[in-house]
Amino acid sequence: MEITLTSPLDMHLHVRDGEMLQLVAPLSARDFAAAVIMPNLVPPVADEQALRAYAERIQTALCGAHFAPLMTLFFRNYSEAELRAAQNIPGFFGVKLYPAGVTTNSDDGVRSLQAVEPTLRCMEILGIPLLVHGESHGFVMDREAQFLPMYRHLAEQFPKLSICMEHITTAAAVRLLDEYENLCATITLHHLELTLDDVLGGALKPHLFCKPVAKRAEDREALLQAALSGHPRVMFGSDSAPHPIHKKECSGCAAGVFSAPVALPGLARLFAEHHATDHLQAFVSDNACRRYGLTPPAKKVVLRDTPMQVPTHYRSFGQSVVPLYAGEEFPWSVCAVQE
Ligand code: NCD
Ligand code: ZN
């Protein structure tokens, strides 16, 4: 069986910086035509100069690959002039809002949504998408559900603002999506595959631990329904979030699943198993292109049900990172890429 995808997009990707950037950026560029790059560096990417400099470092790491990094700013109170300046940067995509302290490197995030309404209004007028990590500080399984009223508030207060509910993990989030045209959502591969049982129901699996944590079987079912049906406002975002092995296999494991190098084979297997391969192109590219008016670099990626051996680690530049499906013989693989 074979699936050909046109210009697959990863609408939520962490490529980090320094040696990790050099290791992981080419792995996304190999399979994807473009990706939305998260700004949660230390310090965060929160002004024009930092954004331009980060985009340049990414270009250097890509070594001329046929791949467009779509850059985001870390949300703070921006003036209209700052937002307009960002819009002039080639590849600028949107602004990512993290509630303070909810995930990796988000200490400088937002503490009060009311205080940032002028910036949101300005983004609405300028047509700049808002991307949101939608979790509260409550009980870990309830954090996304507790944030949903906030999405509702934003969707109603800013009807022309394009709001992306990032990496949704619950059936309730899928239901909310259907209530407001200005909401869309990304879904990861791992949240389509896992429940909390896979993470800690048996031996604890640090490489499957991420924020938001995987939820219940009925939540995964709702996410699958949305993705497999080609729901027009649902897009693939891997949330591939590499951490060096010593930060994962330790006491105080960092949150994040490194899925980028296996994301497309993973999606191919999932959509094939569910007889939904006709909708994979919508999920992995067309829905995002339509929603955001994107014209990504032309790339054809051919996937086949030919097994591949997933590396136990990716190592280089002094970094070692463990991918999703590490060490498995995986039944699907990327067999050709045409640019
Ligand atoms: C991400 C990271 O490591 O930067 N971690 C994660 O578990 N997803 C941050 C994020 O997107 O929440
Ligand atoms: Zn993320």
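Atoms within a ligand are numbered from 1 in the order they appear, just like the ligands themselves.
- Checked against the 6.0 Å centroid criterion, the rings of Phe93 and Tyr292 qualify as a close aromatic pair.
- Remark: Ser7 OG to Lys300 NZ distance equals 7.5 Å, nearest 0.5 Å.
- Protein N/O/S atoms found under 2.8 Å from the Zn ion (ligand 2): His12 NE2, His14 NE2, Asp239 OD1.
- Of the candidates Lys248, His14, Arg16, His243 forms a side chain to side chain donor-acceptor pair (under 3.5 Å) with just one, namely Arg16.
- Any N or O atom pair closer than 3.5 Å counts here, and Ala241 shares no such pair with ligand 1.
- Using 4.0 Å as the threshold, Glu166 has no heavy atom nearer than that to any atom of ligand 1.
- Where the criterion is an N or O separation shorter than 3.5 Å, residue side chain and backbone included, Tyr98 fails it with respect to ligand 1.
- Ligand 1 has no nitrogen or oxygen under 3.5 angstrom from a nitrogen or oxygen of Lys96.
- Looking at ligand 1, you won't find any N or O of Cys210 less than 3.5 Å from one of its N or O atoms.
- With no hydrogens or angles considered, a side-chain donor-acceptor pair links Asn77 and Thr119 at under 3.5 Å.
- Looking at Thr169 and Lys215, their side chains do bring a donor and an acceptor atom within 3.5 Å of each other.
- Against a heavy-atom cut-off of under 4.0 Å, His14 is close to the following atoms of ligand 1: 1 (C), 2 (C), 4 (O), 9 (C), 10 (C), 11 (O).
- In this structure, Met38 falls outside the shell of residues with a heavy atom less than 4.0 angstrom from ligand 1.
- A salt bridge is defined here as a Lys NZ or Arg NE, NH1 or NH2 lying under 4.0 Å from an Asp or Glu carboxylate O, and Asp17 with Arg57 meets this definition.
- For His231 and His279, the gap between ring centers reaches or exceeds 6.0 Å.
- The six-membered or imidazole ring of Phe32 lies away from that of Phe67, with a centre-to-centre distance of 6.0 Å or more.
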